[in-house]
Enquirer: 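The structure that follows is given in the form of structure tokens.
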Amino acid sequence: MSILTRSKRVITTAEVMESRGINRREFLGFCSMMAVMLGLGPEGSGKIAQAMEVKPRVPVLWLHGLECTCCSESFIRSSHPQASDVILSMISLDYDDTLMAAAGDQAEAIVDEIIRDYKGNYILAVEGNVPLAHDGWNCIVGGRPFKSRLQETARHAKAIIAWGTCAAFGCVQAARPNPTQATPISQLVEHVPVINVPGCPPIAEVMTGILTYMLTFDRLPDLDRQRRPKMFYGQRIHDKCYRRAHFDAGQFVESWDDEGARQGYCLYKLGCRGPTTYNACSTIGWNDGVSFPIKSGAPCMGCSEEGFWDRGPFYERLQGMQQFGIESNADMVGKAAAVGIGAAVGAHMAVSVAKKALQGRKDNASDEGNPS
Amino acid sequence: MTVLPTPDASGRRVIIDPITRIEGHLRIEINVDDRNVIRNAVSVGTMWRGLENILKDRDPRDAWAFAQRVCGVCTGIHALASLRSVEDALAIKIPENANLIRNIMTLTLYAQDHLVHFYHLHALDWVDVVSALRADPAATSTLAQSISSWPKSSPGYFKDIQARIAKFVGSGQLGPFRNGYWGHPGYKLPAEANLMAVAHYLEALEFQREMVKIHTVFGGKNPHPHWVVGGVPSAINVHNTGAVGAINMERLNLVVEIARRTQEFITQVYVPDLLTIASFYKDWVQWGGGLSSMNLMSYGEFPGRANDTSNDNMGMPRGAIIGGDLSRIHEVDLKDPSHIQEFVDHSWYKYPDEGKGLHPFDGITECDFRLGPAGKIDKDFLTQVDETAKYSYVKAPRFKGEAMEVGPLARLVIGYAAGRADIRQLVDGALKKLDVPLSALFSTLGRTAARGLEAQWAADRLVTTVNDLIANIRNGDINTCATEKWEPSSWPATAKGAGYCEAPRGALGHWVVIKDGRIANYQCVVPTTWNASPRDAKGKIGTYEAALMGTPMADPSRPLEVLRTIHSFDPCLACATHLYGPDGEPIVDVKVV
Amino acid sequence: MGYQRLPDDGDLPPQRIFDWPCRAWHWINALLVVVLIVSGYLIGTPLPSSSGDTSSLYVMGWLRFAHLASGQLFALGFLFRVYWAFNGNQYSWQLFLPTFWKKSWTDGFWAQIKWNLLLLKLAPRYVGLNPVANVIMLVLFVLPSLLTILTGFAMLAEVTGHDSWQYFCFGWMVSIFGNTLDLHLLHRLCLWALVCFTMSHIYIAIREDAVGRQTMVSTMLSGIRQYRR
């Protein structure tokens with residue numbers, strides 16, 4: 001079928017619409033509808049129209065390393081924009097192991113074609129991370145270690161999106177003792193900007209939000225020190241938590257399913273990581289804003305934070321200090337030290353008093369022996 | 001009883017890597033004879049993560065979160081298996097509401113996961129997207145209306161969908177449909193059926209995100225909802241002040257509504273599509289059966305009452321069928337060391353005493369990536385594996401020495417053999433509609449159909465389970481979590497437990513050993529470990545391998561037939577190959593208190 | 001100058017050691033440390049849940065206010081004390097810098113250890129800090145204080161956000177650890193270091209007053225050290 005042969009000159013979305021009998025007026029109507037959908041306001045419509053007239057959809061290669069595919073699953077849960085709109089109208093998702101029709105050689109060929117045809121102009125999205133142990137053979141894709149595949153595709157990418165805590169920070173397979181030496185993307189890539197979108201998984205609308213931001217404004221989002229987009233990761237869950245009032249009031253869930261839990265009190269005492277977690281759960285919410293863990297009575301685990309797996313136990317406010325023994329934390333170590341010092345002070349006092357008394361008696365005895 | 005053909009590796013070797021539209025990384029190598037019939041099949045799991053080792057020394061109450069990250073597609077089910085293993089070890093009894101809510105979570109997962117699998121991971125093996133451009137929207141509408149009362153079926157609707165595909169294809173940027181096997185002689189659907197399926201591909205993509213909102217209500221998010229040892233994290237408050245901070249009437253209504261719509265979508269879209277597509281591919285009842293006509297296993301799922309693991313209490317019964325004898329259902333005991341064993345003779349791990357299998361409580365694994373003499377690595381390119389030596393990151397689990405098939409087909413057949421009326425009615429109805437005998441189930445098509453029928457079963461049961469939950473709350477029970485054994489001080493010094501589950505993809509077991517309040521050993525044997533298993537010490541081939549044998553291919557360079565059969569299992573490789581701890585000391589038997 | 005051990009024998013004239021800014025800092029600081037320890041402990045390990053109307057309760061709110069306010073005063077005090085190390089009298093920098101490279105200092109250190117182990121009959125007498133006190137103050141007070149201030153402001157930067165001056169000045173702490181839960185852990189450990197310091201400091205000061213041959217507590221009040229034979 002001729003329509004399937006890849007044309008060298010890529011047709012813009014506007015041209016496609018025109019060829020399908022959609023006139024200029026209808027096209028602009030579509031753009032303003034998109035602008036509303038993206039929350040860009042009236043001025044956004046012009047930008048979209050312009051983008052569609054001049055630009056082919058940006059090719060996206062979505063690679064999977066060591067991961068659990070929760071990021072892809074989250075992505076397809078996006079409600080605004082819907083995942084199907086992103087895939088069919090906004091980007092060109094040319095390679096994604098989870099969704100693509102092609103397999104084997106036909107799939108691998110796409111990677112080479114995209115690198116050849118869109119050098120420096122495609123987005124590389126990476127889900128999962130790279131095992132360096134065993135020469136990289138702990139993750140083989142297309143017969144090659146994932147490490148080689150990543151480096152080859154990263155080199156010519158315009159930007160890299162590291163989806164999820166795996167790609168951004170290492171996540172579960174990098175937790176102690178990290179048997180495969182799972183390594184985050186940003187540590188393996190040079191000269192290409194990496195955007196970390198952490199979360200296990202990230203919120204669907206945050207994922208699509210970052211993509212559409214890049215397409216709409218044709219720029220990378222502003223990042224913080226950990227390369228996270230400030231717009232979604234700039235504030236802690238705690239800062240915008242609807243249970244914050246209970247925290248300030250000192251009203252806590254003391255144990256599971258207690259009266260406090262039924263009242264929706266603050267989960268701080270059950271180890272909630274909201275105060276140390278930068279994410280948009282408490283504002284955007286999950287799955288079209290239906291809920292987020294705290295709203296469903298579960299303390300936040302801090303899944304978008306670096307190394308959160310090794311900051312357990314999850315249901316204690318203070319993280320464990322296993323080097324001081326099982327079940328230890330800072331309070332136990334501190335209290336032990338304070339008790340130790342207290343005991344030392346007591347013992348010291350007792351010995352000095354005893355010695356003094358002894359000394360006194362001796363002095364008295366010698367005084368008596370030598371009357372002046 | 002059918003006998004499996006012996007693998008014959010003399011023909012042309014064809015390598016398919018990666019197998020896409022699955023979870024994780026899988027490679028299939030086949031040999032075809034001069035008539036392009038598959039005579040040898042090799043299933044290679046190509047990733048290894050190491051979760052069980054990472055779980056060591058953690059707090060058992062945290063284990064579910066780690067275990068859940070085994071897989072984000074069948075999200076939640078590993079958490080449930082983990083909770084059950086810890087609760088089994090510590091003899092924790094969960095409240096009825098917790099049991100009902102966990103069942104609701106799992107039923108939702110079945111319905112959603114099966115739906116996503118059918119439309120987004122499997123359908124493109126049967127549906128030619130490009131052919132949909134030639135369809136007549138009016139005829140498509142007639143077809144749709146003849147099979148279902150689903151309202152989105154007007155000619156205008158299909159015309160719009162067609163225009164959308166045309167625009168997309170016309171852009172020259174085919175995205176996920178690029179380089180697909182379009183025009184392959186294996187595609188048999190008329191253009192109208194293709195157009196209808198593409199429309200439903202898009203509708204299902206939209207609707208699946210509605211379904212998971214049930215997880216979001218009770219677990220706060222999806223993928224990876226939150227759980228808790230001893231019950232569920234969400235408290236219930238329907239009568240009093242503060243109910244807005246808990247599971248209240250509004251939340252329950254949301255769940256009721258989604259359950260109802262789920263049932264509607266599956267009844268009116270998924271199942272009719274499935275039966276329609278199946279009716280054009282009846283030749284596929286001949287191929288892909290593999291072990292399904294012989295060895296099937298299920299651990300049982302959906303306990304009606306809390307804390308009762310007896311087989312009568314299970315919505316989907318437990319049991320194993322060996323050698324195709326449907327008249328005898330073998331009991332499956334996760335703790336019996338002679339029942340479940342794992343072998344590594346053909347896996348990239350080493351045992352001190354290879355050739356012997358180990359029960360998960362005694363599991364050992366140490367990564368040992370090396371190829372046999374016929375295996376080749378050219379610089380950093382793995383050209384070929386050697387199936388006579390080690391060749392996969394998946395271990396070879398065996399039940400009483402036999403490779404087993406697990407999954408929806410296994411569950412339905414075991415339920416059918418056990419005489420469960422609900423399952424018999426469901427299966428017989430579908431067989432009658434397609435006009436095929438029961439043996440048709442033992443095939444690629446049968447496996448795919450079983451999944452759809454099970455989705456129907458799950459959606460129906462979801463509706464009734466939500467009603468059960470509301471009834472239980474109405475009876476005055478609002479407990480959701482048992483906390484008497486929350487503190488580690490209330491635990492015995494050592495304990496071990498096994499957690500059973502039936503994941504959407506099949507039998508899932510987690511085994512935990514707890515010492516001094518910490519995890520001393522943790523092992524999972526997951527559905528895809530069973531199905532994607534390599535050969536074992538005796539050379540018995542794995543489930544995927546068996547299923548591929550004898551399948552004729554139209555064009556081995558466009559391996560559509562392989563994808564059909566492999567996808568019919570719904571592979572989940574992150575699950576299968578996560579890792580087993582490197583420390584392999586047999587654990588001394590300890591009393592479970 | 002600064003550290004100086006005095007002869008064991010004979011009467012010694014009183015010495016002016018702590019100038020008034022130093023003494024004022026000491027007592028204000030002592031008060032702040034107590035408030036910080038108590039409020040800090042209760043923030044990490046809150047009181048049992050309060051019942052009642054959420055909008056009129058502010059238990060954690062006040063605790064956090066007390067902690068954050070006294071914490072910032074504590075930091076200002078610390079800054080002042082560093083400044084005063086350069087501008088105060090000859091003893092004012094001792095707190096920050098033990099002269100451990102000087103033989104007189106190490107001799108004094110061992111002598112003081114012996115005295116504390118009850119091996120010496122006569123308590124050594126000093127102008128300024130004794131070497132052991134000097135080490136304890138550095139290890140259990142100055143360093144934990146510095147760390148507690150750094151981690152404290154880094155955590156405050158979390159509250160005030162990425163665009164705040166706190167984040168600008170202290171956000172690098174976040175980058176060092178990655179996960180800010182580590183800041184909480186360090187901060188908490190510093191709390192316990194300060195608890196340990198407070199206990200040993202008070203005991204030793206009172207004991208020196210009672211059985212040693214120089215005044216301690218009153219010196220910190222009046223600035224003048226009296227010596228006994």
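Letters go in sequence order (proteins before strands), and every chain restarts at 1.
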Enquirer: Looking at B/Leu124, B/Asp380, B/Asn237, which makes the most heavy-atom pairs under 4.5 Å with chain A?
Expert: B/Asp380
Enquirer: Regarding A/Glu127 and A/Ser72, do their side chains bring together a donor and an acceptor under 3.5 Å, going by distance alone?
Expert: yes
Enquirer: Less than 4.5 Å to any heavy atom of chain A: does that hold for the side chain of B/Phe177, its backbone, both, or neither?
Expert: both
Enquirer: Shorter than 4.5 Å, heavy atoms on both sides: which option in B/Val212, B/Val232, B/Asn248 has the most such pairs with chain A?
Expert: B/Val212
Enquirer: Any Lys/Arg nitrogen of A/Asp85 or B/Arg164 sitting under 4.0 Å from an Asp/Glu carboxylate oxygen of the other?
Expert: yes
Enquirer: With distance as the sole test, does A/Ser78 use its side chain to make a donor-acceptor pair with the main-chain N or O of A/Ala83 at under 3.5 Å?
Expert: no
Enquirer: Whether the B/Glu23 and A/Thr69 side chains hold a donor-acceptor pair (N or O, under 3.5 Å, no angle test) is what I'd like checked.
Expert: yes
Enquirer: Among B/Val217, B/Asn179, B/Ile28, B/Ile15, which residue forms the greatest number of heavy-atom pairs with chain A at distances under 4.5 Å?
Expert: B/Asn179
Enquirer: Please determine whether a side-chain nitrogen of the Lys or Arg among B/Arg21 and A/Asp97 lies less than 4.0 Å from a carboxylate oxygen of the Asp or Glu.
Expert: no
Enquirer: Out of B/Thr483, B/Leu254, B/Leu560, B/Val228, which one racks up the most heavy-atom pairs below 4.5 Å with chain A?
Expert: B/Val228
Enquirer: How long is the span from the OH atom in B/Tyr393 to the CG atom in B/Asp368, to the nearest 0.5 Å?
Expert: 9.5 Å
Enquirer: Need one label for B/Thr383: side chain, backbone, both or neither, based on atoms under 4.5 Å from any heavy atom in chain A.
Expert: neither
Enquirer: If we ignore hydrogens and angles and just use 3.5 Å, is the side chain of B/His78 paired with the main-chain N or O of B/Gly72 as donor and acceptor?
Expert: no
Enquirer: Looking only at atom types and distance, does a side-chain atom of B/Arg209 sit under 3.5 Å from a main-chain N or O of B/Leu205, one as donor and one as acceptor?
Expert: no
Enquirer: For A/Cys303, which atoms come within 4.5 Å of any heavy atom of chain B: side chain, backbone, both, or neither?
Expert: side chain
Enquirer: Using heavy-atom distances under 4.5 Å, tell me whether B/Asn240 contacts chain A through its side chain, its backbone, both, or neither.
Expert: neither
Enquirer: Heavy-atom pairs under 4.5 Å with chain B - which of A/Arg262, A/Arg243, A/Arg176, A/Glu67 has more of them than the others?
Expert: A/Arg262
Enquirer: Checking A/His64 against chain B: side chain, backbone, both or neither under 4.5 Å from a heavy atom?
Expert: both
Enquirer: Name the region of A/Tyr95, side chain, backbone, both or neither, that has any atom closer than 4.5 Å to a heavy atom of chain B.
Expert: side chain
Enquirer: Mind ranking A/Gly297, A/Gly65, A/Ser255, A/Gly142 by heavy-atom pairs under 4.5 Å with chain B and telling me who comes out on top?
Expert: A/Gly142
Enquirer: Any idea which of A/Ile140, A/Leu66, A/Ile91 has the most non-hydrogen atom pairs under 4.5 angstrom with chain B?
Expert: A/Ile140
Enquirer: Specify which of B/Asn479, B/Ile19, B/Ile16 makes the most heavy-atom pairs with chain A at under 4.5 Å.
Expert: B/Asn479
Enquirer: B/Glu29 versus chain A, heavy atoms under 4.5 Å apart: side chain, backbone, both or neither?
Expert: neither
Enquirer: Can you tell me how far apart CG (B/Asn97) and SG (B/Cys481) are? Round to the nearest 0.5 Å.
Expert: 11.5 Å
Enquirer: Between B/His120 and B/Tyr201, how do the two ring planes meet: parallel, tilted or perpendicular, split at 30° and 60°?
Expert: perpendicular
Enquirer: Out of B/Pro225, B/Gly245, B/Pro176, which one racks up the most heavy-atom pairs below 4.5 Å with chain A?
Expert: B/Pro176
Enquirer: Please classify the contact of B/Arg61 with chain A as side chain, backbone, both or neither, using a heavy-atom distance under 4.5 Å.
Expert: both
Enquirer: Measure from the side-chain N and O atoms of A/Arg149 to the backbone N and O of A/Val141, and report whether any donor-acceptor pair falls under 3.5 Å.
Expert: no
Enquirer: In terms of heavy-atom proximity below 4.5 Å to chain A, should B/Phe218 be classed as side chain, backbone, both, or neither?
Expert: backbone
Enquirer: Where does A/Ala261 contact chain B at under 4.5 Å (heavy atoms): side chain, backbone, both or neither?
Expert: both
Enquirer: If you define the side chain from C-beta out and look only at heavy atoms, does anything of B/Leu371 sit under 4.5 Å from B/Trp348?
Expert: yes
Enquirer: For A/Glu108, is it the side chain, the backbone, both or neither that has a heavy atom under 4.5 Å from a heavy atom of chain B?
Expert: side chain
Enquirer: With only heavy atoms counted, which part of B/Ala123 is less than 4.5 Å from chain A, the side chain, the backbone, both or neither?
Expert: neither
Enquirer: Which atoms of A/Pro145 are under 4.5 Å from chain B, going by heavy atoms: the side chain, the backbone, both sets, or neither?
Expert: both
Enquirer: Could you tell me which of A/Gly264, A/Cys166, A/Ser92, A/Ala298 has the largest number of non-hydrogen atom pairs under 4.5 Å with chain B?
Expert: A/Ser92
Enquirer: Tell me whether B/Arg58 is salt-bridged to A/Asp310, with the criterion being a basic N under 4.0 Å from an acidic carboxylate O.
Expert: yes
